[in-house]
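Written out below as structure tokens is the structure these notes cover.
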Amino acid sequence: MDRSSEIREFLRTRRARITPEQAGLTPHQGARRVPGLRREEVAQLAGVSVDYYIRLERGHTRGVSETVWEAVARALQLDDAERAHLFDLAQPTIGRTRRKRSLAPQKVRPAVYRTLDALSVPAIVQGRRMDILAANRLGYALITDFQARPHRDRNAARFVFLDAAARTLYTDWERVAADCVATLRLYAGRHADDPQLTELIDELSLHSDTFRRLWADHDVLAHTTGAKRLHHPLIGDLTLDYVVLAVEDDPEQTLVIYTPEPASPTAEALNILAGWTGTSPTGRPARARRDQQ
């Protein structure tokens with residue numbers, strides 16, 4: 001992806017969502033031709049000239065200092081994930097250029113497999129591009145058996161957008177889809193030159209109108225905790241909290257653990273699913289045994 005155009009579109013979409021009132025400005029009289037802030041208003045808030053900010057939003061970012069990017073991030077009221085994304089996109093312009101290197105295949109460490117083994121609740125290990133690297137038996141039974149799919153199809157984004165079962169499984173499918181795209185956007189800011197990412201985005205854009213629409217929004221999201229509502233084909237409606245834990249020696253590998261409210265209908269349903277999958281009430285679910293690039 002072209003970083004200049006990515007910066008341009010990201011700044012434009014962030015500017016469009018903020019009203020003068022939200023930014024603490026007195027709006028000019030008369031009709032506004034654009035949603036959100038005008039470019040001159042962002043320049044005023046960031047403490048730069050209008051011409052300078054226009055250059056930024058046109059993608060002319062060579063030589064822009066970190067101080068200026070910080071001011072722009074504050075003016076646009078970026079959250080932590082959005083700020084990190086902007087700085088990832090801007091790195092070549094602020095002297096932090098990283099040498100291009102091929103990404104080595106990700107491997108799940110034995111200790112992580114043992115952690116999966118010990119959990120009596122659904123859990124998955126997710127890697128780059130939302131690839132599913134491993135899961136315990138309940139994790140596969142809850143979502144889908146990624147391990148039974150071809151290697152390239154063991155990917156959460158492909159499942160959400162290209163598998164009809166996902167629309168039935170996720171009660172809030174539109175929100176899940178939006179979160180999925182926003183997570184991919186954050187990754188894309190760090191690895192714009194990843195050919196497998198480009199292949200994934202091209203495939204999803206070709207086959208999903210929803211993906212194309214959401215990708216154009218340029219939203220980003222860093223998942224840490226949340227809740228998901230599902231309608232499982234075997235055990236019905238479920239509400240599960242989840243927590244996302246980084247694997248220490250690989251920041252792009254995360255352990256996602258799903259837990260039900262104690263003594264809830266969801267907890268009872270998971271116990272039934274555990275019985276059907278051969279998982280004992282005290283844990284010891286079977287683990288995935290293959291790593292994925």
Side-chain angles (χ1 to χ4, degrees), residues 1-18 23 34-39 41-43 45-103 127-131 157 178-202 204-205 211-224 246 250-254:
M1 294 182 294
D2 177 66
R3 287 188 183 272
S4 293
S5 63
E6 289 294 310
I7 291 173
R8 180 175 65 247
E9 291 303 308
F10 185 65
L11 293 178
R12 182 187 61 78
T13 55
R14 298 314 90 180
R15 173 169 62 87
R17 68 180 184 172
I18 303 175
V34 296
L37 295 176
R38 294 186 174 104
R39 286 186 283 196
E41 290 168 332
V42 179
L45 291 165
V48 299
S49 72
V50 176
D51 287 343
Y52 193 85
Y53 181 75
I54 289 174
R55 282 183 55 230
L56 293 184
E57 202 168 293
R58 286 176 176 170
H60 304 310
T61 57
R62 185 177 299 278
V64 178
S65 70
E66 187 169 344
T67 301
V68 169
W69 287 122
E70 288 281 10
V72 170
R74 288 194 298 271
L76 294 175
Q77 300 180 11
L78 303 187
D79 62 24
D80 290 344
E82 291 169 327
R83 180 189 173 281
H85 182 61
L86 177 62
F87 273 72
D88 281 336
L89 293 175
Q91 279 189 350
T93 75
I94 58 177
R96 294 184 182 177
T97 305
R98 290 173 293 189
R99 185 175 59 179
K100 289 184 181 180
R101 59 182 178 84
S102 59
L103 298 173
R128 303 187 190 108
R129 302 170 294 270
M130 303 188 73
D131 290 337
D179 289 352
C180 179
V181 173
T183 300
L184 280 179
R185 267 280 178 203
L186 195 63
Y187 173 82
R190 294 193 298 267
H191 297 293
D193 301 318
D194 180 354
Q196 289 179 271
L197 174 67
T198 300
E199 178 188 358
L200 175 63
I201 293 169
D202 287 348
L204 297 179
S205 297
F211 180 86
R212 287 197 302 274
R213 171 175 56 82
L214 292 171
W215 189 254
D217 290 340
H218 286 261
D219 290 335
V220 294
L221 178 68
H223 269 122
T224 53
D250 185 349
E252 291 178 342
Q253 192 175 135
T254 56

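If you're wondering where the values come from, they're calculated on a predicted model, not measured in any experiment.
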Nearest-0.5 Å distance, CD of residue Glu252 to NE2 of residue His191: 3.0 Å
Donor-acceptor check, side chain of Arg8 to backbone of His60, threshold 3.5 angstrom: yes or no? no
So does Arg185 pair up with Glu9, basic N to acidic O under 4.0 Å? no
Against Leu45, only a single residue in Leu76, Leu37, Ile18 fulfils side chain to side chain contact (heavy atoms under 4.5 Å, CB included); can you say which? Leu37
Taking the side chain as every heavy atom from C-beta outward, state whether His218 and Arg14 have any atom pair closer than 4.5 Å. yes
dist Asp217:CG -> Phe10:CZ (nearest 0.5 Å) comes out at 12.0 Å
To the nearest 0.5 angstrom, please state how far the CD atom of Gln196 sits from the CG atom of Asp131. 7.0 Å
Taking everything shown except Asp202 itself, do over 12 heavy atoms lie less than 6.0 Å from its CG? yes
Give me the atom names and distance for the closest heavy-atom approach of Thr254 to Ala246. CG2-CA, 4.3 Å
With a 3.5 Å distance limit and no angle check, can you tell me whether Arg83 reaches the backbone of Leu78 through a side-chain donor-acceptor pair? no
Is the shortest side-chain heavy-atom distance between Val42 and Leu11 below 4.5 Å? no
To the nearest 0.5 angstrom, please state how far the CG atom of Leu56 sits from the CD1 atom of Ile7. 8.5 Å
Got a second to check how far Arg55's CZ is from Arg39's CZ, nearest 0.5 Å? 13.5 Å
Do Val64 and Val72 have side chains that get closer than 4.5 Å, going by heavy atoms? no
When rounded to the nearest 0.5 angstrom, what is the spacing between OG1 in Thr61 and CG in Leu89? 9.5 Å
Apply side chain to side chain contact (heavy atoms under 4.5 Å, CB included) to the pair Glu82 and Asp79, showing each step before the final yes or no. CA-CA 5 Å; Glu82 291 169 327; Asp79 62 24; 3.2 Å; yes
State plainly whether the residues Asp194 and Arg129 are in salt-bridge range, i.e. N to O under 4.0 Å. yes
Grab the two heavy atoms, one from Gly189 and one from Arg3, that are nearest each other, plus how far apart they are. O-NH1, 3.3 Å
Side chains of Tyr187 and Met130: does their closest heavy-atom pair fall under 4.5 Å? no
Heavy-atom closest contact (Ala81 atom, Ala222 atom, distance): CB-N, 4.0 Å
Mind checking whether Phe211 and Trp215 have parallel, tilted or perpendicular rings, split at 30° and 60°? parallel
In residues 46-54, what donor-acceptor pairs under 3.5 Å come from side-chain atoms, sequence neighbours left out?
{"residue": "Ser49", "atom": "OG", "partner": "Tyr52", "partner atom": "N", "Å": "3.0"}
{"residue": "Tyr53", "atom": "OH", "partner": "Glu57", "partner atom": "OE1", "Å": "2.7"}

Within-4.5 Å side-chain heavy-atom neighbours: Leu200 and Leu184: yes
